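Here's the structure, in structure tokens; my notes come after.
As the structure is a computational prediction, the values presented were derived from the model and not from experiment.
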Amino acid sequence: MIRPVARKDLPGLLKLLRFMDESPQRGVLAPEARDLEGLAEELEDGLVLLREGEVAGYVGLYPFWDGAALEGPLAYREEDLAPLLEAAEKRARELGVERLYAFPREENQGVRRALEAAGYGLLHVTYFFVKNPEGLDFPPPEGVRIREGFPGPGVYRELYRESEEGWALRLKWTDEELLEHFADPAIHLLVAYRRETPVGMAEVELEDQEASVAYIGVVPAARGKGIGRTLLAEAARLARKKGVRLLRVRAHDHEKGALELYRSLGFSLEEAVATYAKELRARR
């Protein structure tokens, strides 16, 4: 039986989450809390699969980008993943969701098989690397300067459009959404200018003792000149200035240059997450 999660299900759900934590091969986007009260506060629209009165599986929904993201599906048995996905899709249609996303670990072949069998398509795999921000000091190429600050929606969109190779989500943001995002004091935008022309950028997010480079890109005409490495050096300098001890970077599988850069500079692979999506109804 699959039904909405209830408070009495929380101990069983907590046990299932800890089962997931035991192995990267079971990893999937899931609630972060690992205590009953935190779990009760975090859950929004979740479903549990029950077997003999015990929680045997879970899937959740929450608003995400232009649709909804799945938490899970997560189950002790692979054969339980398909009915959980079916139940989540039914609930999403009831809510009027047009697109569903799922985020299993790259190693989680069970969930990946279930998603593909249910009609989800792989968008990309994102690789997360980490390193102490020390030792990343590189001078900018001749004629290149790095400035911190949002250059305005028009300049940002053009730079993003030219430098991004396959993920155009930010192009859908309104001027107001972009201005609000970059007004956040925890978010810093570094823009590389060759003379007065913007040719690359890096977005850095600060949280506690970590700094994450959420995006880094260079326009095709300016690649191979050390600008990406300089942007990363500026991100590391910013992290050190803020007292951050860990620099986290990410790159999709299609961003070959960024992946090669991180590996060459001594970053360690932390995890890899696959992004899947399924359209539930035609776009208007």
pair Glu271-Arg105: side-chain heavy atoms closer than 4.5 Å: yes
Criterion side-chain hydrogen bond (donor to acceptor under 3.5 Å, both in side chains) on Glu203 and His188, from CA distance to verdict: CA-CA 6 Å; Glu203 181 179 330; His188 300 257; over 6 Å; no
Parallel, tilted or perpendicular: rings of Tyr156 and Phe150 (30°, 60°): tilted
Interatomic distance, Lys172 atom NZ to Thr174 atom OG1 [nearest 0.5 angstrom]: 13.5 Å
What donor-acceptor contacts under 3.5 angstrom involve side-chain atoms of residues 129-140, with partners at least two apart or in another chain?
from	atom 1	to	atom 2	distance (Å)
Lys131	NZ	Glu134	O	3.0
Asn132	OD1	Glu134	N	2.8
Asp137	OD1	Arg240	NH2	2.8

Exceeds 12 heavy-atom contacts within 6.0 angstrom, atom CD of Glu78: yes
Of all pairs that satisfy salt bridge (Lys or Arg N to Asp or Glu O under 4.0 Å), the ones with a partner from residues 205-220, not counting sequence neighbours: Glu210-Arg248
Test: Arg250 cationic atom under 6.0 Å from Tyr127 six-membered ring centre, within 45° of axis: no
Plane angle bin for His254 and His252 - parallel if under 30°, tilted between 30 and 60°, otherwise perpendicular: tilted
Working for side chain to side chain contact (heavy atoms under 4.5 Å, CB included), residues Asp66 and Tyr101: CA-CA 10 Å; Asp66 54 349; Tyr101 293 89; 2.6 Å; yes
Salt-bridge present (Glu142, Arg194; N to O < 4.0 Å): no
Shortest non-hydrogen contact from Pro4 toward Val48: O-CG2, 4.3 Å
pair Arg157-Asp175: side-chain heavy atoms closer than 4.5 Å: yes
Worked check of side chain to side chain contact (heavy atoms under 4.5 Å, CB included) between Ile227 and Val144: CA-CA 8 Å; Ile227 296 174; Val144 173; 4.2 Å; yes
same_hphob_cluster(Phe19, Val5) at 4.5 Å side-chain heavy-atom cutoff: yes
Side chain to side chain, Val273 and Val125, heavy atoms closer than 4.5 Å: no
Shortest non-hydrogen contact from Lys278 toward Gly119: CG-O, 3.8 Å
Donor-acceptor contact below 3.5 Å, side chain Glu42 vs main chain Ala33: yes
Pairwise side-chain contact, Gln209 with Val244, heavy-atom cut-off 4.5 Å (strictly under): no
Heavy-atom pair with the smallest gap, counting every atom of Arg51 and Ala56: NH1-CB, 3.4 Å
N-O pairing of Arg7 and Glu37 below 4.0 Å: yes
Ion pair Arg34/Asp21, N-O distance below 4.0 Å: yes
Phe64 ring center within less than 6.0 Å of Phe103 ring center: yes
Residue Glu86 excluded, over 12 heavy atoms near CD under 6.0 Å: no
Sidechain N-carboxylate O distance under 4.0 Å for Glu22, Arg26: yes
Between CD on residue Glu234 and NZ on residue Lys241, distance to nearest 0.5 Å: 10.0 Å
Side chain to side chain, Asp184 and Phe182, heavy atoms closer than 4.5 Å: no
Nearest-0.5 Å distance that lies between atom CZ in Arg237 and atom CG in Leu190: 7.5 Å
Between OG on residue Ser212 and CG on residue Leu246, distance to nearest 0.5 Å: 8.0 Å
Under 3.5 Å side-chain donor-acceptor pair for Tyr193 and Arg195: no
From CA spacing to verdict: side chain to side chain contact (heavy atoms under 4.5 Å, CB included), Glu71, Val59: CA-CA 5 Å; Glu71 288 185 326; Val59 67; over 6 Å; no
Minimum heavy-atom distance between Val111 and Pro104, given as atom pair plus value: CG1-CB, 3.8 Å
Distance-only side-chain donor-acceptor flag, Tyr58 / Asp80, under 3.5 Å: no
Reported CZ-to-CG distance for the pair Arg77 and Leu49, which is rounded to 0.5 angstrom: 8.5 Å
Residue pair Tyr76 / Leu16, side-chain heavy-atom distance below 4.5 Å: yes
Over all atoms of both residues, closest heavy-atom pair of Asn108 and Gly27: ND2-O, 2.9 Å
Residues, nucleotides or ligands: over 12 heavy atoms within 6.0 Å of Arg147 CZ: yes
Joint cluster assignment, Leu179 & Trp173, ILVMFWY side-chain distance < 4.5 Å: yes
Steps toward side chain to side chain contact (heavy atoms under 4.5 Å, CB included) verdict (Leu261, Leu265): CA-CA 6 Å; Leu261 174 65; Leu265 294 177; 3.6 Å; yes
same_hphob_cluster(Val155, Leu231) at 4.5 Å side-chain heavy-atom cutoff: no
Heavy-atom neighbours of Glu180 CD exceed 12 at 6.0 Å: no
pair Leu189-Pro151: side-chain heavy atoms closer than 4.5 Å: yes
Close side-chain approach of Glu196 to Arg145, heavy-atom, < 4.5 Å: yes
Lys NZ or Arg CZ of Arg112 over Tyr276 ring: under 6.0 Å, within 45°: no
Minimum-distance pair of heavy atoms, taken over all atoms of Leu74 and Leu84: O-CD1, 3.7 Å
Side-chain (Arg223) to main-chain (Val218) donor-acceptor, under 3.5 angstrom: yes
same_hphob_cluster(Leu259, Leu123) at 4.5 Å side-chain heavy-atom cutoff: yes
Spatial distance of atom CG (Leu61) from atom CD (Glu89) [nearest 0.5 Å]: 10.5 Å
Ion pair check, Glu158 and Arg161, cut-off under 4.0 Å: yes
Glu79 atom CD, neighbour heavy-atom count above 12 within 6.0 Å: yes
